[in-house]
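Input: a single structure, listed below in structure tokens.
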Amino acid sequence: MSSYSMQRPNQELSAEEKEAKRELKKRLKRSVRRRKLEVRLQQAKTRKNKSLEEETRKALDRMDQESRSNGHDFGVGKVSDDPDRQGCGSVFFPAIEQIYHKLLQLVDSEENPSEKKSLQELKRIRNDESKTLLQNMTKGTQERVMFQNYAALRGYTRLKFNERAVLVADSLARVESLAKFSQSDVETSREQTVAGRLWEKLHQIRSLCSIGCGPGCDAVGVAVFLSKLKPRRNLERAVLFDWAMPDWSRIVHPLESLLLPLYIDSLETDSCNVLVDWSNEENEAARRLASDSRARSDQEISVDLFVTSYLLSETRERWHSFYDSLTDRAPAGTLFLFAEPTAWQLHTVIERCEKKMDFVWLDSSMHQPELQLLEGRVGPAVLLGIKRVESDTLPQKDCERFEASTR
Ligand SMILES: C[S@@+](CC[C@H](N)C(=O)[O-])C[C@H]1O[C@@H](n2cnc3c(N)ncnc32)[C@H](O)[C@@H]1O
């Protein structure tokens with residue numbers, strides 16, 4: 001089944017295609033149920049709740065037995081095989097959490113005393129305001145003015161900072177297992193070739209650009225991941241962009257003092273807007289920062305890794321021109337990491353960029369190519385791409401096999 005048939009409405013599909021789609025959705029549902037049990041098992045262990053642990057283990061065994069007898073095997077795709085342990089279990093969590101706690105202390109100590117209310121009242125306001133902001137982000141109805149609400153941004157930071165930083169760090173770490181994972185499966189071998197190239201490239205990252213950076217969590221995820229990958233070498237340069245940078249800077253600027261010089265040598269921030277083309281004058285400052293200071297013009301992009309997390313679904317389909325132009329101008333070898341609540345917008349990224357980029361999925365579908373066609377994932381959808389050199393195509397055999405498998 002091709003991604004094209006997955007995206008067509010059901011009434012346009014043949015009976016065979018409908019059946020294949022239904023089967024894939026069932027597989028995804030089973031994976032989601034399994035994931036829930038795995039999380040419950042993890043929690044039972046942490047809380048030392050022996051009876052719940054045993055009960056959950058039995059439920060997992062039952063589910064696996066049932067799946068095997070029906071000819072479905074979770075195999076290597078089961079979530080527990082991934083380096084991601086969701087949240088607190090991640091190897092990156094302690095470092096991220098430390099940065100987060102220090103950040104909140106700094107941010108709160110800079111708060112204007114005249115604004116001070118009782119802590120309880122502040123917490124309630126931040127919670128309510130951030131929930132409203134989050135609802136608008138999810139529906140894609142956010143407006144620039146909504147970000148001029150500090151309580152909402154502070155609340156967002158408390159709710160999302162750690163989770164999103166861990167998502168970025170864990171996703172990048174998964175490239176290694178994909179590069180090393182070997183199976184005779186056709187698509188996996190294609191992905192393995194790409195993942196090998198990506199893994200090599202990740203060791204060479206010196207500069208990072210976070211687009212729609214919010215409180216800076218994505219940059220923290222990359223910095224902490226790289227600090228473990230190459231403990232003796234800092235990220236040289238990070239540039240953080242957001243259309244609401246004047247508002248987020250109240251959180252992002254204190255973050256600078258926590259990342260420099262321990263993780264990053266230099267950090268700069270500015271506004272950018274993905275609703276207009278990268279070459280639009282609104283993005284002039286961003287273009288200047290994304291180019292090397294020694295470059296002759298701001299047309300030359302000099303960033304090794306671009307990260308975009310939870311922005312494409314928020315700006316649904318209105319980001320095309322910005323990313324078409326950015327990915328056109330980026331030199332070969334540039335990496336692009338995208339994370340979104342579902343794969344909906346990431347399929348569009350692939351469609352628009354497949355002629356110039358190679359991609360791998362770094363989410364629950366990473367070892368299960370058939371499930372990559374779906375919008376749903378167990379957890380967020382994550383895609384990593386690398387800009388190709390003109391001649392840098394996959395070996396002919398891989399291409400032919402890949403095309404055959406998607407036909
Ligand atoms: C859902 S938040 C994600 C923040 C962060 N990446 C994370 O994962 O937590 C979306 C971010 O994109 C920014 N944003 C929204 N529309 C934008 C646009 N048109 N151009 C650039 N940034 C935008 C918002 O200010 C916000 O910081």
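Predicted model only: the values in this text are computed from it and were never measured. In listed order, ligands and their atoms are each counted from 1.
With a 4.0 Å heavy-atom cut-off, ligand 1 is reached by the side chain of Trp248 but not by its N, CA, C or O. By the criterion of a heavy-atom distance under 4.0 Å, the side chain of Leu311, and not its backbone, is placed next to ligand 1.
Looking at atom 23 (C) of ligand 1, its nearest protein heavy atom turns out to be Trp243 CD1, 3.3 Å. The nearest heavy-atom contact from the protein to atom 6 (N) of ligand 1 is Asp218 OD2, 2.7 Å. The protein heavy atom nearest to atom 20 (N) of ligand 1 is Val274 N, 3.0 Å. Of the protein's heavy atoms, Asp242 OD2, 3.5 Å lies nearest to atom 26 (C) of ligand 1. Scanning the protein heavy atoms around atom 19 (N) of ligand 1, the nearest turns out to be Asn273 OD1, 2.8 Å. Among all protein heavy atoms, the one lying closest to atom 8 (O) of ligand 1 is Ser309 OG, 3.1 Å. For atom 7 (C) of ligand 1, the nearest non-hydrogen atom of the protein is Tyr156 OH, 3.4 Å.
Between Phe241 and Trp278, the ring-plane angle classifies as tilted under the 30° and 60° cut-offs.
In this structure, Trp319 does not count as a contact residue of ligand 1, since none of its heavy atoms falls inside 4.0 Å of the ligand. Within the structure, the closest approach of Glu314 to ligand 1 falls below 4.0 Å when heavy atoms are considered. Not a single heavy atom of Phe241 sits closer than 4.0 Å to an atom of ligand 1.
A donor-acceptor contact closer than 3.5 angstrom is absent between the side chains of Glu300 and Ser291.
The only option from Arg126, Arg164, Glu129 that meets the side-chain hydrogen bond (donor to acceptor under 3.5 Å, both in side chains) definition with Tyr156 turns out to be Arg164. Checking Val382, Thr193, Leu198 one by one against Val360, the side chain to side chain contact (heavy atoms under 4.5 Å, CB included) holds for a single residue, Leu198.
Within the set Gly221, Gly140, Gly212, Ser271, the minimum heavy-atom distance to atom 5 (C) of ligand 1 is found for Gly212.
Between Leu255 and Pro215 the shortest heavy-atom distance is CD2-O, 3.6 Å. Residues Ser313 and Trp344 share a closest heavy-atom pair of O-CZ3, 4.3 Å.
A cation-pi arrangement is absent between Arg352 and Tyr323 under the rule of less than 6.0 angstrom and at most 45 degrees off the ring axis. With a 6.0 Å cutoff to the six-membered ring centre and a 45° limit on the axis angle, Arg377 counts as a cation-pi contact of Trp361.
Interface of Cys272 with ligand 1, defined as ligand atoms under 4.0 Å from a residue heavy atom, comprises 20 (N), 21 (C). In the vicinity of Phe147, heavy-atom distances shorter than 4.0 Å reach the ligand 1 atoms 24 (C), 25 (O), 26 (C). Of all atoms in ligand 1, numbered sequentially from 1 with element shown, those under 4.0 Å from a heavy atom of Met137 are 1 (C), 2 (S). For ligand 1, the atoms sitting less than 4.0 Å from at least one non-hydrogen atom of Cys213 are 5 (C), numbered in the order shown with element in parentheses.
For the pair Glu54 and Lys50, the salt-bridge criterion is not met [side-chain N within less than 4.0 Å of a carboxylate O]. The pair Lys160-Glu163 meets the salt-bridge criterion, since a charged nitrogen lies less than 4.0 angstrom from a carboxylate oxygen.
Within a 6.0 Å sphere centred on CD of Gln148, heavy atoms belonging to other residues, nucleotides or ligands number more than 12.
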